[in-house]
Amino acid sequence: MPLWLEFLVLAKKIIYNANVTNQKNFVVIAVSAQLESLFFTAMTNAFGKSHWQALIQVANKQQQGDYQSNAAFALAKQLQQSPQAVAEQLLAHLPTNDIIEETSISGPGFINIRLTPACVSASLINMLQSPQAGINPSQHPETIVVDYGSPNVAKAMHVGHLRSTIIGDALVRLLNAKGHHLIRQNHVGDWGTQFGMLIEHIIQEKLDLHSLDSIQELNTLYQASKKRFDTDEVFAKAAKERVVALQAGTPDTLALWQILVAKSQEHFQSIYNQLGVLLTQDDIRGESSYNDDLPKLIDDLEKHKYLTISQGAKVLFLEGFVDKDKNPLPMILQKSDGGYLYATTDMVTAKYRIENLKANRIIYVVDCRQRQHFDMLFAAVKHVGYADNSVRLDYVPFGAMLGDDRKPFKTRSGQVIELASLIDEAIKRAYDLYKSKNPDATDVQAMQVAKVVGVGALKYADLSNDKIKDIVFDWEQMLAFDGNTAPYLLNAYVRIASILRKADDQDGNPVSWLLESPQELDLAKHLIQFPELIDQLSIDLAIHRLCQFLYKAANLFHRFYEHCPILNANHETKQSRLKLCLVTQNVLHTGLNLLGIETLESM
RNA sequence: GCACCCGUAGCUCAGUUGGAUAGAGUGCCUGACUACGAAUCAGGAGGUCGGGAGUUCAAAUCUCUCCGGGUGCACCA
């Protein structure tokens, strides 16, 4: 389905939703969808045509209005009239309603829309009473598989694993909030030739794996065996035989492999706990679990005559893929020596997710260097009919993490940075920062704050930029209290918490609002866009726009806070402002939670 | 060589899928703490959207081309 059509379908769903709710108790769910509906009617009434879009969007000129419609331009061409004339007729045919305060036409034909206070407060009431700040559950919940994380057994997790883990976690939380059925899949690298050399090394050296108490020791072991494999031909031969033994399931070899896997899983879980991501042991389904299905896949594809033998390998040729000499580029599924490749595993995995897990949508959070692989994989899976049009396959590519020299982020000595030490440093820096601002704080308090701020800053720095771009790693920037950072957002949240603690006379009446100052209105009108933003993000997965939205919300709150006394205002105003604080808090808490970032009551 | 991604203020980045005079933060300059946390707020300066051509009422956004940077290109994952 093309993107524009999906948006249209989505908008229709929201309209339906809003109408249903309106019959009960005048609760507005999505303002833009209501406007869309009103302008849709106006177009039909004025011109008798109904297949155009109302092109409603949040105004880019806030002085002129809250929302705008650009429909007049598209219509003008078809009707051979000037955009201004079309705009006038549209406004003349706008149905009576209680959400539009005033409209105006400006420029070449922009229609500006100002919302009524009643419309704004109705949305706020809804958000105040909703546990998720007004996020609507999807009308058509899907089963969505998210493939992310994917560390390797017998190796320490490093910076290269961070982005997939953080981004994947946020996407899972986002889609889960929309009421979809999420299946997390951690496609761990637990199989392949490297385990032959590692196990052979362990056996020859008579090492006791149970005595290993850190992943670093395993890492060292891996490097030692790799070195032997590359330099010692006798060992290399033995290692290759060991792979065969492993694949055949020889008991002693398999037992050692299982210990390696178990040790590694403990390590993964300790990192996931430190990071506060949702992944657990239950989400692990490594490459090895698809072994038995690899020959079956080849059989199946051969039976249906999809495979070609090329230079001794069994391959799939797909339309549109060419190599450097413009010859057809094959997707190799079985090597000439009979072995399988990751394309084979990925294809079996996709098949499993669609057929066994009943996935409607599969999201792969994998770095952008694998784009061509996923292009081919998706084309292949569709070509052979494992995925029909009802299944949506999304590749979510992301860029590299760079140091301040704009080269891949490494230690000063050029080593890969281990994730455990990176997280520790984030917490340490947050700890020192907190201590410098709060010298009287206890170590326990400081540590509590530092974990939330440090890890939150690490995640936010990753999520707040467009995923496809490389991110430049900068501790100073990510832990700054100014600008688009986690500490700034957390600070806004903490301030609200502080105010609400002090306000012991909240009347709890959700209905009456007094939104009078421009700062209050700006904040309110921004907040009510939250639910529809989440709807959009659940389709395009542009998670950085959530960060941008939350940053703006925190910024508008700070302005409101500076200009509008809350606790010292007269009773009615105070109650209204406290509720605005509550909605802001709800949005910040919900939004940060979707990003996988915890909140604090004080810092 | 072919393909894909990126190029926006000194720096780090947005730009709602083609809409109005391109926006934030940071850094720089100027102001505001005897009011709910100044970890904040108010204001100023700062731009040939890499260059050029095209499509159209309208282009940072789409097309072509060139320049610069990155990544990937048959039996590793």
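We use all heavy atoms of the structure for the numbers below, so side chains are in, but hydrogens, waters and symmetry mates are not.
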| Between B/A14 atom C1' and A/Leu546 atom CG, what is the distance in whole Å? | 14 Å

| task | Whenever both distances are under 3.5 Å in a Watson-Crick or G-U wobble pair, mark it; put RNA chain B into dot-bracket that way, with [ ] for crossing pairs and | when the partner is on another strand. | result | (((((((..((((.....[...)))).(((((.......))))).....(((((..]....))))))))))))....

| message | Quiz question: going by heavy-atom distance under 3.5 Å, is there a donor-acceptor pair between the base of B/A74 and the side chain of A/Ser310? | response | yes

| task | Round to a whole Å and report the spacing from CG of A/Leu402 to P of B/U71. | result | 10 Å

| request: Could you point out which residue of A/Phe481, A/Tyr551, A/Tyr460 forms a ring pair (Phe, Tyr, Trp, His ring centres under 6.0 Å) with A/Tyr488? | output: A/Tyr551

| Does the side-chain hydrogen bond (donor to acceptor under 3.5 Å, both in side chains) test come out yes or no for A/Thr345 and A/Glu287, once each step is laid out? | CA-CA 7 Å; A/Thr345 312; A/Glu287 292 166 0; 6.0 Å; no

| message | Roughly how many Å apart are B/A60 and B/A22, using the P atom of each and rounding to a whole number? | response | 9 Å

| When you compare B/A59 with B/U16, how far apart are their P atoms, in angstrom units rounded to a whole number? | 16 Å

Which atom pairs link the protein and nucleotides 36-39 of chain B when you take only N or O atoms and keep those under 3.5 Å?
unit_1 : atom_1 : unit_2   : atom_2 : d
B/C36  : O3'    : A/Lys502 : NZ     : 3.0
B/C36  : O2     : A/Ile566 : N      : 3.3
B/C36  : O2     : A/Leu567 : N      : 3.0
B/C36  : N3     : A/Ile566 : N      : 3.2
B/C36  : N4     : A/Tyr561 : O      : 2.5
B/C36  : N4     : A/Cys564 : O      : 3.4
B/G37  : OP1    : A/Ser498 : OG     : 3.1
B/G37  : OP2    : A/Lys502 : NZ     : 2.5
B/G37  : O2'    : A/Arg495 : NE     : 2.5
B/G37  : O2'    : A/Arg495 : NH2    : 2.8
B/G37  : O6     : A/Met603 : N      : 3.3
B/G37  : O6     : A/Met603 : O      : 3.3
B/G37  : N1     : A/Met603 : O      : 2.7
B/A38  : OP2    : A/Arg495 : NH2    : 3.0
B/A38  : OP2    : A/Tyr561 : OH     : 3.4
B/A39  : O2'    : A/Asn491 : OD1    : 3.4
B/A39  : O2'    : A/Asn491 : ND2    : 2.4
B/A39  : N6     : A/Asn438 : ND2    : 2.8
B/A39  : N6     : A/Met603 : O      : 3.2

| field | A/Arg369 side chain near B/A3 phosphate (N/O to OP1/OP2, under 4.0 Å) | value | no

Return the polar atom pairs (N/O with N/O) between nucleotides 60-65 of chain B and the protein under 3.5 Å, or none.
none

| request: For A/Glu287, answer base if it contacts any base atom (sugar-phosphate contacts may also be present), sugar-phosphate if it contacts only those atoms, and nothing otherwise; contact means non-hydrogen atoms under 4.0 Å. | output: sugar-phosphate

| field | Between B/G7 and B/C13 - C1' atom distance, rounded Å | value | 13 Å

| field | Interatomic distance, A/Tyr551 OH vs B/U26 P [rounded to whole Å] | value | 6 Å

| request: Report which part of the nucleic acid A/Asp325 touches: base, sugar-phosphate, or nothing (heavy-atom distance under 4.0 Å, all strands). | output: nothing

| query | Between the main-chain N or O of A/Leu333 and the side-chain N or O of A/Thr344, is there a donor-acceptor pair closer than 3.5 Å? | reply | yes

| remark: Judged by nearest nucleotide, the residue sitting upstream toward the 5' end of RNA chain B, A/Lys77 or A/Ala74, is A/Ala74

| message | For the P atoms, the ones on B/A14 and on B/U21, what distance do you get once it is rounded to whole angstrom? | response | 24 Å

| request: Mind checking A/Asn60 for me? I need base, sugar-phosphate or nothing, with any heavy atom below 4.0 Å counting as a touch. | output: base

| field | B/C41 OP1/OP2 closer than 4.0 Å to side-chain N/O of A/Asn555 | value | yes

| message | So for A/Gln68 and B/A20, does any side-chain atom that can act as donor or acceptor lie under 3.5 Å from a complementary atom in the base? | response | yes

| Within the distance-only criterion (no hydrogens, no angle test), does the side chain of A/Asn112 pair as donor or acceptor with the backbone N or O of A/Ile105 below 3.5 angstrom? | no

| Base, sugar-phosphate, or nothing for A/Lys552, non-hydrogen atoms under 4.0 angstrom? | nothing

| request: Report, as yes or no, whether the 6.0 Å neighbourhood of atom CD on A/Glu572 holds more than 12 heavy atoms from other residues, nucleotides or ligands. | output: no

| field | C1'-based separation of B/G18 from B/U55 [nearest Å] | value | 11 Å

| query | How would you label the contact of A/Thr485 with the nucleic acid (heavy atoms, under 4.0 Å): base, sugar-phosphate, or nothing? | reply | nothing

| Using a cut-off of less than 4.0 Å, is there contact between a side-chain N or O of A/Lys469 and OP1 or OP2 of B/A14? | yes

| query | Rounding to a whole Å, what distance do you find between A/Asp466:CG and B/A14:P? | reply | 5 Å

| message | What contact category does A/Asp337 fall into here, base, sugar-phosphate, or nothing, at under 4.0 angstrom with non-hydrogen atoms? | response | nothing

| task | Could you give the distance separating B/U12 and B/G52 at their C1' atoms, to the nearest angstrom? | result | 29 Å

| said: Side-chain N or O of A/Arg559 versus OP1/OP2 of B/A42: is the shortest distance under 4.0 Å? | reply: yes

| task | Verify the ring-centre separation between A/Tyr364 and A/Phe378: is it less than 6.0 angstrom? | result | yes

| message | Whole angstroms only, please: what is the CD-C1' distance between A/Gln53 and B/G18? | response | 13 Å

| request: For A/Tyr340, answer base if it contacts any base atom (sugar-phosphate contacts may also be present), sugar-phosphate if it contacts only those atoms, and nothing otherwise; contact means non-hydrogen atoms under 4.0 Å. | output: sugar-phosphate

| request: Identify whether any heavy atom of A/Asn112 sits under 4.0 Å from a base atom; if not, whether one sits that close to sugar-phosphate; answer base, sugar-phosphate or nothing. | output: base

| Given the rule in the salt bridge (charged side-chain N to carboxylate O under 4.0 Å, His left out) test, do A/Lys314 and A/Glu302 qualify, once you have shown the distances and angles that lead to the verdict? | CA-CA 9 Å; A/Lys314 290 179 182 168; A/Glu302 278 191 319; 3.2 Å; yes

| said: Please report the distance, rounded to the nearest Å, between CZ in A/Phe73 and P in B/A59. | reply: 12 Å

| request: For B/U8 versus B/G69, give the span between their C1' atoms, rounded off to a whole number of Å. | output: 16 Å

| request: Just call it for A/His373: base, sugar-phosphate, or nothing, with non-hydrogen atoms closer than 4.0 Å on any strand. | output: nothing

| task | For nucleotides B/A42 and B/C33, find the distance between their C1' atoms and express it as a whole number of Å. | result | 14 Å

| task | Select base, sugar-phosphate, or nothing to describe what A/Gln477 touches, counting heavy atoms under 4.0 Å on all strands. | result | nothing

| query | Closer to the 5' end of RNA chain B via nearest nucleotide, is it A/Ile56 or A/Lys324? | reply | A/Lys324

| remark: Between CZ of A/Arg371 and P of B/U71 the distance, given in whole Å, is 15 Å

